[in-house]
Amino acid sequence: MHFDEYEGKTVFITGAASGIGQAQAIAFATQGANVLGMDLDSEGLAKTTDKTKDLTGQFLAHIGDVTEKSEIILAVTKANKAFGTIHILLNTAGILDNYTPTLDTTEDMWDRVLSVNLKGTFLVTNQVLPQMLKQSHGVIINMASIAGMVAGGGGAAYTASKHAIIGYTKQLDHDYIKQGIRANAIAPGAIQTPMNAADFAGDGKIAEWVAAETPAGRWAKPEEVASLTLFLASEHADYIHGTVMTIDGGWLEK
Ligand code: NAD
């Protein structure tokens with residue numbers, strides 16, 4: 001898959017140190033886009049830097065927390081200084097709640113999951129959106145989940161946060177569509193990343209069960225979500241607005 005349009009574009013990706021965010025960073029840099037990857041995990045960011053070093057586009061790492069406005073401002077400034085204005089924002093950073101039901105969810109866990117998954121998406125969007133409005137063009141893709149559409153893909157906090165991301169994405173698109181902004185969400189099913197390492201641990205029976213329960217009969221690779229992102233952020237998807245693209249091996253068809 002090759003997209004000429006990404007050459008020289010600036011892409012801001014949160015969660016770029018691992019899994020889906022790292023695959024997105026590699027995919028966009030492969031297409032010639034310059035990528036600023038923001039993440040808490042410095043070692044993971046160093047790996048992304050290593051994996052992108054020979055690609056056409058540049059990758060610049062920024063260690064920072066998406067729940068801290070001041071750190072987001074530093075990251076956005078760094079991206080602007082290095083690459084110019086941001087054209088594409090991928091809000092991919094997220095954390096799980098270990099499938100915890102509400103009565104077992106502590107306030108701390110609730111606050112942290114909602115803060116990273118939902119408030120982080122809001123905070124980063126609000127720092128990037130003004131420059132997109134100035135250039136009358138911008139694409140925002142927020143990482144939801146099948147847990148944003150049905151129960152069972154997470155616990156109380158994770159499922160609430162992912163449902164909220166879908167609502168936030170629709171409203172974002174609705175409010176700014178006339179000013180050249182296009183916002184959508186992606187809802188992955190079972191993607192094999194470090195987030196799901198526990199499922200593959202020990203005898204791997206949980207991972208086997210997930211594959212068996214998925215109509216496609218397997219887990220997906222993060223690169224498959226990155227490919228969908230390349231399409232969804234492109235001009236080919238210009239009429240796709242405020243929606244949720246599932247990539248779940250048929251999980252939601254059941
Ligand atoms: P991952 O754990 O491999 O990567 C998530 C990244 O986010 C990590 O590098 C982590 O350091 C970073 N991060 C966490 N908190 C942060 C913070 N406060 N500030 C900055 N960075 C932070 O997970 P993944 O599987 O690649 O998940 C990426 C996104 O996709 C998440 O939003 C997740 O909810 C979503 N998702 C994943 C799956 C799946 O099966 N893997 C399914 C549906 C949705």
Side-chain angles (χ1 to χ4, degrees), residues 12-27 36-49 51 61-72 74-76 90-99 109 111-124 127 141-150 152-155 157-166 168-169 185-200 206-207 210-211 213-214 216 218-226 228-229 244-249 251-252:
F12 190 102
I13 308 179
T14 70
S18 175
I20 296 171
Q22 184 180 72
Q24 289 173 322
I26 294 168
L36 184 299
M38 177 176 182
D39 203 294
L40 281 176
D41 172 7
S42 57
E43 278 178 31
L45 280 176
K47 285 186 191 144
T48 309
T49 302
K51 289 181 181 181
H62 185 86
I63 302 160
D65 188 332
V66 296
T67 68
E68 295 294 335
K69 193 169 153 186
S70 59
E71 296 180 20
I72 299 164
L74 286 176
V76 170
L90 308 179
N91 281 309
T92 303
I95 54 172
L96 260 183
D97 64 359
N98 301 322
Y99 301 88
M109 181 188 278
D111 288 346
R112 188 67 192 153
V113 171
L114 271 290
S115 186
V116 174
N117 295 3
L118 184 59
K119 192 177 173 191
T121 297
F122 154 74
L123 288 175
V124 176
Q127 288 309 317
I141 299 177
N142 297 327
M143 198 52 69
S145 165
I146 52 168
M149 303 173 87
V150 294
Y158 186 79
T159 301
S161 75
K162 293 299 185 181
H163 273 70
I165 283 174
I166 291 175
Y168 175 74
T169 305
I186 292 179
I191 317 296
Q192 191 175 353
T193 70
M195 181 175 268
N196 295 310
D199 294 356
F200 289 84
I206 298 177
V210 171
E213 283 294 301
T214 303
R218 66 172 178 89
W219 287 71
K221 291 188 168 41
E223 290 75 14
E224 297 179 69
V225 183
L228 170 61
T229 314
V244 190
M245 306 287 284
T246 53
I247 172 161
D248 67 352
W251 187 273
L252 292 181

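Just so you know, ligand 1 is whichever comes first in the structure, and atom 1 is the first atom listed for that ligand.
Using a 4.0 Å cut-off to heavy atoms of G64, the atoms of ligand 1 that qualify are 19 (N), 20 (C). Listed by number with element, the atoms of ligand 1 under 4.0 angstrom from any heavy atom of D65 are 17 (C), 18 (N), 19 (N). For ligand 1, the atoms lying closer than 4.0 Å to a non-hydrogen atom of R112 are 18 (N). Close approach of ligand 1 to G19 (heavy-atom distance below 4.0 Å) involves ligand atoms 3 (O), 26 (O). Close approach to P194 involves these atoms of ligand 1, each under 4.0 Å from a residue heavy atom: 3 (O). Ligand 1 places these atoms under 4.0 Å from at least one heavy atom of G189: 38 (C), 39 (C), 40 (O), 42 (C), 43 (C). Proximity to I95 (heavy-atom distance under 4.0 Å) selects the following atoms of ligand 1: 14 (C), 15 (N).
At least one N or O atom of I20, backbone or side chain, sits closer than 3.5 Å to an N or O atom of ligand 1. Where the criterion is an N or O separation shorter than 3.5 Å, residue side chain and backbone included, S145 fails it with respect to ligand 1. Considering both main-chain and side-chain atoms, M38 never comes within under 3.5 Å of ligand 1 through any nitrogen or oxygen pair. Ligand 1 has a nitrogen or oxygen under 3.5 angstrom from a nitrogen or oxygen of Y158. The N/O atoms of D39, backbone and side chain alike, include one that comes under 3.5 Å of an N/O atom in ligand 1. Residue contacts with ligand 1: P188 is placed with no nitrogen or oxygen under 3.5 Å of a nitrogen or oxygen of the ligand (distance criterion only). At least one N or O atom of V66 sits closer than 3.5 Å to an N or O atom of ligand 1. Checking only distances, D41 never comes within under 3.5 Å of ligand 1, N or O to N or O.
Atom-to-atom distance recorded for I166:CD1 and I186:CD1 is 11.5 Å, nearest 0.5 angstrom. Considering CG of N117 and CG of N91, their distance stands at 11.0 Å, rounded to 0.5 Å. With rounding to the nearest 0.5 angstrom, the CD atom of E224 is 11.0 Å from the CD atom of Q192.
Within the 3.5 Å criterion, the main-chain N or O of T92 finds a donor-acceptor partner in the side chain of T14. Of the possible donor and acceptor atoms, one in the side chain of T193 sits under 3.5 Å from a partner among the backbone N and O of M195. Side-chain N or O atoms of S115 include none that pairs as donor or acceptor with a backbone N or O of R112 at under 3.5 Å. Side chain of D41 to main chain of A17: no donor-acceptor pair is present (N/O by atom type, distance under 3.5 Å, no hydrogens or angles).
The shortest non-hydrogen separation linking A75 to H62 is CB-CD2, 3.5 Å. Residues V66 and L123 come closest through the heavy atom pair O-CD1, 3.7 Å. Nearest heavy-atom pair across T159 and V150 is CG2-O, 4.0 Å. Nearest approach of A16 to D39, heavy atoms of both residues: N-OD2, 3.3 Å. Residues M38 and G64 approach most closely at CE-C, 3.6 Å, considering heavy atoms. Taking both residues in full, the closest heavy atoms of L118 and A164 are given as CD2-CB, 3.6 Å, listed atom of the first, atom of the second, then distance.
Nearest protein heavy-atom contact of atom 15 (N) of ligand 1 is V116 CG1, 3.6 Å. Of the protein's non-hydrogen atoms, N196 ND2, 3.3 Å is the one closest to atom 39 (C) of ligand 1. Looking only at protein heavy atoms, the nearest one to atom 24 (P) of ligand 1 is T193 OG1, 3.5 Å. Here the heavy atom of the protein found nearest to atom 16 (C) of ligand 1 is L40 CD1, 3.6 Å. Shortest contact from atom 1 (P) of ligand 1 to any protein heavy atom: S18 OG, 3.6 Å. Protein heavy atom in closest approach to atom 22 (C) of ligand 1: A93 CB, 3.8 Å. Protein heavy atom closest to atom 35 (C) of ligand 1, with residue, atom name and distance, is M143 CG, 3.6 Å. With respect to atom 31 (C) of ligand 1, the closest heavy atom belonging to the protein is T92 O, 3.2 Å.
Checking N142 against T121 by side-chain atom types alone, no donor-acceptor pair falls below 3.5 Å. The closest side-chain donor-acceptor pair between Q22 and K51 falls under 3.5 angstrom.
Of all the heavy atoms of A144, the ones lying under 4.0 Å from any atom of ligand 1 belong exclusively to the backbone.
When the heavy atoms of K162, Q22, M195 are ranked by distance to atom 23 (O) of ligand 1, first place goes to M195.
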